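Computed from a predicted model, the values in this text were never measured in an experiment. Throughout, a chain's letter reflects where its sequence line sits, starting with A, and its residues are numbered from 1.
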2 protein chains.
Amino acid sequence: MDTADRLIESTRELLWERGYVGTSPKAILQRSGAGQGSMYHHFSGKADLALAAVRRSAEQMRTTADALLSAPGTALERITAYLRRDRDVLRGCPIGRLTMDPDIIASPELRAPLEELFSWLRQRLADVIAEGQSHGELGGHLDPLATAAAIAATLQGGYVLARAADSPEPFEHAVTGVLALLTPANRPATEGD
Amino acid sequence: MDTADRLIESTRELLWERGYVGTSPKAILQRSGAGQGSMYHHFSGKADLALAAVRRSAEQMRTTADALLSAPGTALERITAYLRRDRDVLRGCPIGRLTMDPDIIASPELRAPLEELFSWLRQRLADVIAEGQSHGELGGHLDPLATAAAIAATLQGGYVLARAADSPEPFEHAVTGVLALLTPANRPATEGD
DNA sequence: GTCTATATCGGGATAGAC
DNA sequence: GTCTATCCCGATATAGAC
């Protein structure tokens, strides 16, 4: 890994931990072991370096999600695998957390990777849902895009609840809850049903 | 409104807009119109002032949510009213956004109001859900606490998706999606059902 | 209670040597 | 390409006058 790469990786970690406003060039230099000169040689400044880091993180998230959502299995199995995949819940989502960063949201360039990633994710989930519907696994009355948004939001909001509680439990509950709602067995417990 | 109150209100606004790390005492002074001396007379420093602001915001959120969830109407109607209540989606949640602030999460005192608020909210939603179940409006097979967590997470995650998109649309979709999942009509479109 | 002055530190970047 | 020196500003707080 060359110097530019180490700078990007250190920036990714710090953006994840502390956000854009909370990340200083000095902290990046210390973590990466690079010198000030190197940083300003490879990147024009903090924003430029953050852009490279954000793009890489978004790309990686997309790859991970796509692998799980494109795996073999039923629609519900793949969505379950995506929601239940191993993660360090208390760290939150490296992209989602940037959404609360005023300087990221204020910059069209820095916000773009966020918008593209979540836009792609909602569409990808909607496709899986529509697929499940065409196979009769999921209720045909559900709007795929709205359902997809609810699933993606459950994940992102699960991180919020977990961090507030300093425990992964609310995240697990939220995932369990939304999966139960998705399961076709979700119908009134009518006699003789 | 006296000086201390104006300081707290200005801090609330800034915490909402920029988070804890992104909020400086100087900005608070400018917005409130108070002087440096006043601030350090009434509060011991930035953290102390933030604590007062966070407590007040959490209290207010709780009051608002409780009013909607305790109103007359069926369980589903009250949950719908809560999810669809008027809000400036792109501003996000004043408490939820603090969850991404490392300095807030690192401080037990500052995190406590967040934990209490969301813990209360999940329980309150769970109570409403259980009530709906006992009246037969909601599927009895749902775990109230898990379902409540999913609903709360949908809201918080809806803000995340909306801010990434710079549009309230994903938030509205997520809310619509989770409400559709909650609606008992959510069952396989079986013939003769 | 509120004001102004002062102090220290870190953020963010530039300059020019090597 | 990388290093060190330097710069300016804002963050956060203290001191003491009024």
Side-chain angles (χ1 to χ4, degrees), chain A residues 1-56 97-98 100-111, chain B residues 1-56 97-98 100-111:
Chain A
M1 200 162 57
D2 66 6
T3 303
D5 251 4
R6 276 185 291 116
L7 281 164
I8 294 177
E9 286 305 309
S10 300
T11 304
R12 293 212 303 147
E13 293 173 16
L14 283 163
L15 287 181
W16 196 352
E17 293 168 20
R18 307 198 38 85
Y20 184 81
V21 175
T23 296
S24 70
K26 172 179 274 191
I28 295 171
L29 296 180
Q30 285 171 345
R31 185 166 301 211
S32 68
Q36 194 124 359
S38 299
M39 168 172 161
Y40 284 101
H41 172 75
H42 291 288
F43 302 93
S44 73
K46 176 179 168 176
D48 188 34
L49 185 42
L51 184 58
V54 171
R55 283 183 175 149
R56 186 178 289 186
R97 70 108 52 239
L98 297 178
M100 295 304 146
D101 225 305
D103 293 6
I104 297 268
I105 295 305
S107 155
E109 256 200 318
L110 283 171
R111 186 177 59 80
Chain B
M1 201 161 57
D2 66 6
T3 302
D5 250 6
R6 276 185 291 116
L7 282 164
I8 293 177
E9 285 305 308
S10 300
T11 304
R12 293 212 303 148
E13 293 173 16
L14 282 163
L15 285 181
W16 196 351
E17 293 167 22
R18 308 198 38 86
Y20 183 82
V21 175
T23 295
S24 70
K26 171 180 274 192
I28 295 170
L29 297 180
Q30 285 171 347
R31 185 166 301 211
S32 66
Q36 195 123 357
S38 299
M39 170 173 159
Y40 284 102
H41 172 75
H42 291 288
F43 301 94
S44 74
K46 175 180 169 176
D48 188 34
L49 186 40
L51 183 58
V54 171
R55 283 182 173 153
R56 185 178 291 187
R97 72 103 58 236
L98 297 178
M100 295 304 147
D101 225 304
D103 292 6
I104 296 269
I105 295 305
S107 154
E109 256 201 317
L110 283 170
R111 186 177 60 78

Task: Side-chain ion pair, E9(A) and R31(A), N-O less than 4.0 Å - done: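 Salt bridge flag = no for R31(A) with E9(A).
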
Task: Single hit among P25(B), S10(B), S32(B) for side-chain contact (heavy atoms from CB on, under 4.5 Å) with M39(B) - done: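 One option only clears the test, and that one is P25(B).
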
Open item on the list: So if I apply the side-chain contact (heavy atoms from CB on, under 4.5 Å) rule between L98(A) and each of L110(A), V54(A), I105(A), which one comes out positive?
Closed with: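 With L98(A) as partner, side-chain contact (heavy atoms from CB on, under 4.5 Å) holds for just one option, V54(A).
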
What pairs of nitrogen or oxygen atoms, one from the protein and one from nucleotides 1-3 of chain D, lie under 3.5 Å apart?
from: dT2(D); atom 1: OP1; to: T3(A); atom 2: OG1; distance (Å): 3.0
from: dT2(D); atom 1: OP2; to: H42(A); atom 2: NE2; distance (Å): 2.8
from: dT2(D); atom 1: O5'; to: S38(A); atom 2: OG; distance (Å): 3.1
from: dC3(D); atom 1: OP2; to: G35(A); atom 2: N; distance (Å): 3.2
from: dC3(D); atom 1: OP2; to: S38(A); atom 2: OG; distance (Å): 3.4

Is a side-chain donor or acceptor of [X] paired with a backbone partner of [Y] at a separation under 3.5 angstrom?
{"X": "T23(B)", "Y": "L14(B)", "answer": "yes"}
{"X": "S107(A)", "Y": "I104(A)", "answer": "no"}
{"X": "D48(B)", "Y": "S44(B)", "answer": "yes"}

Task: Rounded distance in Å - CG (D103(B)) to P (dA11(D)) - done: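 D103(B) atom CG is separated from dA11(D) atom P by 15 Å.
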
TODO: May I have the distance from M39(A) (atom CE) to dT14(C) (atom P), rounded to whole angstrom?
DONE: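 To the nearest whole Å, that distance equals 10 Å.
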
Task: Residue-level proximity of residues 14-32 of chain A to DNA chain C when a heavy atom falls under 4.0 Å - done: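 Result for residues 14-32 of chain A: T23(A), S24(A), P25(A), K26(A), sorted by number.
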
Open item on the list: With heavy-atom distances below 4.5 Å as the criterion, would you say the side chains of F43(B) and L51(B) are in contact?
Closed with: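 No. Closest side-chain heavy atoms not under 4.5 Å.
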
TODO: Find out whether Q30(A) and S24(A) are in side-chain contact, i.e. whether some heavy atom of one side chain is under 4.5 Å from a heavy atom of the other.
DONE: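 With C-beta onward as the side chain, the pair stays apart.
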
